[in-house]
S.K.: 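Sending over a structure as structure tokens; questions will come in a sec.
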2 protein chains.
Amino acid sequence: MVTKQFSGLPDEADLRRADSLAREIFSDVANKWALLIIEALGERTLRFSELRDEVEGISHKMLTQNLRMLERNGLAERKVHPTVPPRVEYTLTEPGRALRATVDLICDWTHRYLGHIEGARRRFDS
Amino acid sequence: MVTKQFSGLPDEADLRRADSLAREIFSDVANKWALLIIEALGERTLRFSELRDEVEGISHKMLTQNLRMLERNGLAERKVHPTVPPRVEYTLTEPGRALRATVDLICDWTHRYLGHIEGARRRFDS
DNA sequence: CTGAATCCTTGCCGATACTG
DNA sequence: CAGTATCGGCAAGGATTCAG
């Protein structure tokens, strides 16, 4: 990651920094809207407005906010076409697609256990 | 899932219901604290207080709140030992463990791309 | 069409106190 | 020790407006 001058081994400070960074990334990514956007993007390239239609219930603001975050972390790429009206397209980068694979698994999980969960809820709610 | 009286095929209403349920479950589960708790539990059985120590930075309230949610959805099991002082233990159920497997993948992902992301951030922030 | 900025409301979340 | 309830601050997030 970072080239140390006097040792190839990370020291404690490095490990703590990496941990807190990992935690930060996890917090960025482990939120509903971010994951839904990633899932919506998939392998496709979508415009801002297409994304807003695709991600059910997301507001203009949440979409831009999360797209900025994804772009900042290098998970999505933002391509501006200097036309009028402007046309902005978003695509997942390779790290983004790798993350999407895991999101897919969560979706699979959701559907596989839909019945279990529905039952569990009924039992709990009584 | 639900046995229909006149048709084995789900009608549109069923599909819409299933979708909104899936979305609801996804929203429950796709949040930082829930995922961190699931990850902390792993294959172990932990007491409330152990969990609080294990999940860095979580408050008493968030912990109970999320544990209730996990219990309600049948992802974690809550076992009360009627001793004094009380002793309450939490364990992941099979659906919970299945979900944890995917959370593990997200953690792996985080660590694998830590460097990419750090670089992307530096570039973006300038 | 995108996006930034503003206001304003809602609800999250932490702190605290109290029960069993 | 574990859980619930209450209160309050503050940040998340919605609606709207303006700009490029």
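Residue numbers begin at 1 in each chain, while the letters A, B, ... track the order of the sequences. Source: prediction; values computed, not measured. Reckoned from all heavy atoms, side chains included, excluding hydrogens, waters and symmetry mates.
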S.K.: Please give, in whole Å, the distance from D:dA12 P to A:Asn66 CG?
M.R.: 12 Å
S.K.: I want to check something: taking the side chain as every heavy atom from C-beta on, are A:Leu36 and B:Arg23 in contact at a cut-off of under 4.5 Å?
M.R.: yes
S.K.: What are the residues of residues 25-45 of chain A, sorted by number, that bring a heavy atom to within less than 4.0 Å of DNA chain D?
M.R.: none
S.K.: Is any side-chain N or O of B:Arg68 closer than 4.0 Å to OP1 or OP2 of D:dT4?
M.R.: yes
S.K.: What I want to check is whether the side chains of B:Tyr90 and B:Glu50 have a donor and an acceptor closer together than 3.5 Å.
M.R.: no
S.K.: Establish whether the base of C:dG3 is bridged to the side chain of A:His60 by a donor-acceptor pair shorter than 3.5 Å.
M.R.: yes
S.K.: On DNA chain C, check which nucleotide each of A:Val88 and B:Ile58 is closest to and give me the residue with the more 5' one.
M.R.: A:Val88
S.K.: Measure NE2/A:His81 against C1'/C:dC1 and give the value in whole Å, please.
M.R.: 13 Å
S.K.: The side chain of B:Met62 lies closest to which of these nucleotides: D:dT4, C:dT2, C:dC13?
M.R.: C:dC13
S.K.: Can you find a pair of side-chain heavy atoms, one from B:Cys107 and one from B:Glu39, that are under 4.5 Å apart?
M.R.: yes
S.K.: Would you indicate, yes or no, if D:dG3 has its OP1 or OP2 atom less than 4.0 angstrom from a side-chain nitrogen or oxygen of B:Tyr90?
M.R.: yes
S.K.: To the nearest Å, how far apart are A:Glu71 CD and C:dG3 P?
M.R.: 9 Å
S.K.: Is the closest side-chain donor-acceptor distance between B:Thr102 and A:Thr102 under 3.5 Å?
M.R.: no
S.K.: CD of A:Glu89 versus P of C:dC1: gap in Å, rounded?
M.R.: 14 Å
S.K.: So, B:Lys32 and A:Asp28, do they make that salt bridge, N to O below 4.0 Å?
M.R.: no
S.K.: Contact between A:Thr64 and A:Phe48 at the side-chain level, heavy atoms closer than 4.5 Å - yes or no?
M.R.: yes
S.K.: Considering just the side-chain nitrogens and oxygens of B:Arg47, establish if one lies under 4.0 Å of OP1 or OP2 belonging to D:dC1.
M.R.: no
S.K.: Might you work through the side chain to side chain contact (heavy atoms under 4.5 Å, CB included) test for A:Asn31 and A:Leu35, ending with a clear yes or no?
M.R.: CA-CA 6 Å; A:Asn31 92 50; A:Leu35 295 183; over 6 Å; no
S.K.: Starting at atom NZ of B:Lys61, determine the distance to atom C1' of C:dT16, rounded to an integer number of angstrom.
M.R.: 11 Å
S.K.: Strictly below 4.0 Å: does A:Ser49 bring a side-chain N or O up to OP1 or OP2 of C:dT2?
M.R.: yes
S.K.: From CG of A:Leu63 over to P of C:dT2, roughly how many Å is that when rounded to an integer?
M.R.: 10 Å
S.K.: Round to the nearest Å and state the distance from A:Leu67 atom CG to C:dT2 atom P.
M.R.: 11 Å
S.K.: Of A:Pro86 and A:Gln65, whose nearest nucleotide on DNA chain D comes first from the 5' end?
M.R.: A:Gln65
S.K.: Any base atoms under 4.0 Å from B:Arg52, or only sugar-phosphate, or nothing? Heavy atoms, all strands.
M.R.: nothing
S.K.: In whole angstrom, give the distance that lies between atom CG of B:Leu46 and atom C1' of D:dA2.
M.R.: 15 Å
